[in-house]
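Shown next, in structure tokens, is the structure this report addresses.
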Amino acid sequence: ALRSVLRTKVHPQIGRLCYSSSSVSTVKLFIDGKFVESKSSEWLDIHNPATNEVISRVPKATQEEMLAAVDSCSRAFHSWSETSILSRQQIFLRYQQLIKDNIKELAKSITLEQGKTLADAEGDVFRGLQVVEHACSITSLMLGETLPSITKDMDTYTYRLPIGVCAGITPFNFPAMIPLWMFPMGMVCGNTYLLKPSERVPTCAMLLAKMLQDAGAPDGTLNVIHGQHAAVNFICDHPAIKAISFVGSNQAGEYIYERGSKNGKRVQSNMGAKNHGVVMPDANKENTLNQLVGAAFGAAGQRCMALSTAILVGEARCWLPELVERAKALRVNAGDQAGADVGPLISPQARDRVCSLIQSGVDEGAQLLLDGRNVKVKGYENGNFVGPTIISNVTPGMKCYKEEIFGPVLIVLEADSLDDAIHLVNNNPYGNGTAIFTTNGAAARKYSHEVDVGQVGVNVPIPVPLPMFSFTGSRGSFRGDTNFYGKQGIQFYTQIKTITSQWKAEDATLKSPAVTMPT
Ligand code: NAD
């Protein structure tokens, strides 16, 4: 029943494998406060990952459309940056309520285009909503600093000011949360924003744009364009854009960081991951195995913070058979079906890539304890499904260890000691997230201090910080110097003006020019 609701409500034209270009719904651009049909001659099909049916089409915006979008941002910046901070706060207070009111609608659009389960899609929206809620504290977050009486009659104070037009480029795996990491933080600081959502999941971003308009954001403060490389290059090169926020793969992120930085822009680039879960033999077994399975296979492993690699230390290696049993019990199904635990991958190409990485592990001598490659989902035979897969006896030289798999695959390594486990993790190029499972405080402390990874969980499998902190992936998982949201997000989206003022009393007036440095 839910499936038919999705079909009729969000995409009435869904279900056509063969279509004429006029009969499939199209994703609009959002330019200067209007949702407009692109004049592009280049369009991309969007598929439902559970069926591979074409559900709509997204344009590659033309150069003219992209210019119109950035010009709209530039024009709106003059008034928006002068809008009182209380007015901006009010808009985002209304926005968070609208998102809350529409969470189910947003989640449906995510499940339809991205494939994750409805419950997980609600989580996607919810974690983005928390950033919007945090943005509502802007009246405290944007406070400057003051120091009175720096010398006689002289005070110094700073303002945090917006920087201009900012842009965001987002990945497919969190259609709500990641756009919401970006434009609310940027805009509440007084910047205007150009968003280019993932071309594979654009609808949620469009719904979010509509809600922001309904919350009262003036025309031009947010513009949304669609496309791939040309749109990305446009953002990296346009001189009016002062800052770029990127989340996605290393291939794109390193390129965007370099090209954007060369053009004098601020760039923050969150990229790929290989997150290790270290399991100590003293860990609470029941809890740990459940945490591992949830964090490895949830969202079909398509999370940058998925725990895709387990390191079993010492006797914990005996837990493997139970781990396999729990993974086997997960239900693979279309994301809108009741009871689904693991949905499809985003595309047939992603499924083929994941399957070939599984095979590479087998070819290189690893042991396939659970093989999800031939999973069949009744009624969804054309979907991009891979069931939970566990590969053990993996070593660091293997391809399945070196590459980010981004699918429901848990690879398992073994270590004799905590030191050996730390050595393994620190030698992996990525630094996004990690977790240790233990009941020993000293082991937890040692791990947290010695591991060179940006986000560490102690008995917490996916330690994504709430927005009063920042998302702090490091090493190969991040380029830039200020992270997303939290205090660092405010730093990224503002520049500081320092004012030093002197108000002398009449009788302290200078009698002659002062030509030496004041000391
Ligand atoms: P992706 O890099 O393919 O796409 C991200 C964005 O970049 C899209 O908007 C896309 O249009 C654009 N893009 C893609 N290839 C490009 C190229 N060669 N040049 C310029 N632009 C390009 O990423 P994805 O597949 O959508 O997302 C999955 C990846 O994102 C994974 O590697 C995952 O770990 C990573 N990710 C990281 C975080 C994090 O916070 N570290 C969060 C979510 C996802």
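Order of listing sets the numbers, starting from 1, for every ligand and every atom in it. What you see is a predicted model; the values in this text were computed from it and never measured.
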Within-cut-off N or O pair, [X] and ligand 1, under 3.5 Å:
X    : value
Q228 : no
M271 : yes
S249 : yes
Y255 : no

Relative to atom 30 (O) of ligand 1, which among P197, G473, G248 owns the nearest non-hydrogen atom?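 It is G248 whose heavy atom sits nearest to atom 30 (O) of ligand 1.
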If you take the nearest heavy atom of each of E254, K274, H229, R200, which one is closest to atom 18 (N) of ligand 1?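 It is H229 that holds the nearest heavy atom.
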Mind checking whether [X] contacts ligand 1 via backbone (N, CA, C, O), side chain (CB onward), both or neither, at a 4.0 Å heavy-atom cut-off?
X    : answer
E404 : side chain
F484 : neither
I178 : side chain
N250 : neither

Looking at N374, I want to see if its CG is surrounded by more than 12 non-hydrogen atoms of other residues, nucleotides or ligands under 6.0 Å.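 No, CG of N374 has 12 or fewer neighbouring heavy atoms, counting only those of other groups under 6.0 Å.
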Any cation-pi pair here, K116 with F174, using under 6.0 Å and within 45°?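 K116 over F174 ring: yes.
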[X]: numbered ligand 1 atoms lying under 4.0 Å from its heavy atoms:
X    : answer
N173 : 43 (C), 44 (C)
W181 : 40 (O)
F471 : 40 (O)
E199 : 8 (C), 9 (O), 10 (C), 11 (O)
I169 : 6 (C), 7 (O), 9 (O)

Taking the six-membered ring for Trp, are F35 and F30 ring centroids under 6.0 Å apart?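 F35 vs F30: aromatic centres under 6.0 Å.
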Answer yes if the ring centres of H229 and Y255 are under 6.0 angstrom apart, and no otherwise.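 So the answer is no for these two rings.
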Just by distance, no angles: are the side chains of R479 and S269 close enough, under 3.5 Å, to form a donor-acceptor pair?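 No - no donor-acceptor pair under 3.5 Å links their side chains.
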Under a 3.5 Å cutoff, is there a donor and acceptor pairing between the side chains of D32 and N223?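 Short answer, no.
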For [atom], what is the closest protein heavy atom, and at what distance to 0.1 Å?
atom                    : value
atom 36 (N) of ligand 1 : C304 CB, 3.5 Å
atom 15 (N) of ligand 1 : A252 CB, 3.8 Å
atom 4 (O) of ligand 1  : P171 CA, 4.5 Å

Hey, can you tell me if W181 and F484 have their rings parallel, tilted or perpendicular (30° and 60° cut-offs)?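 Tilted, since the angle between the ring planes falls between 30° and 60°.
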Under a 4.0 Å N-O cut-off, is there an ion pair linking E403 with R353?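 Yes, this pair counts.
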If we only count heavy atoms from C-beta on, is the [X] to [Y] side-chain gap below 4.5 Å?
X    : Y    : answer
K399 : E364 : yes
V36  : K34  : yes
I244 : C166 : no

Within less than 4.0 angstrom of ligand 1, does F478 place any heavy atom?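 The answer is no, since F478 has no heavy atom less than 4.0 Å from ligand 1.
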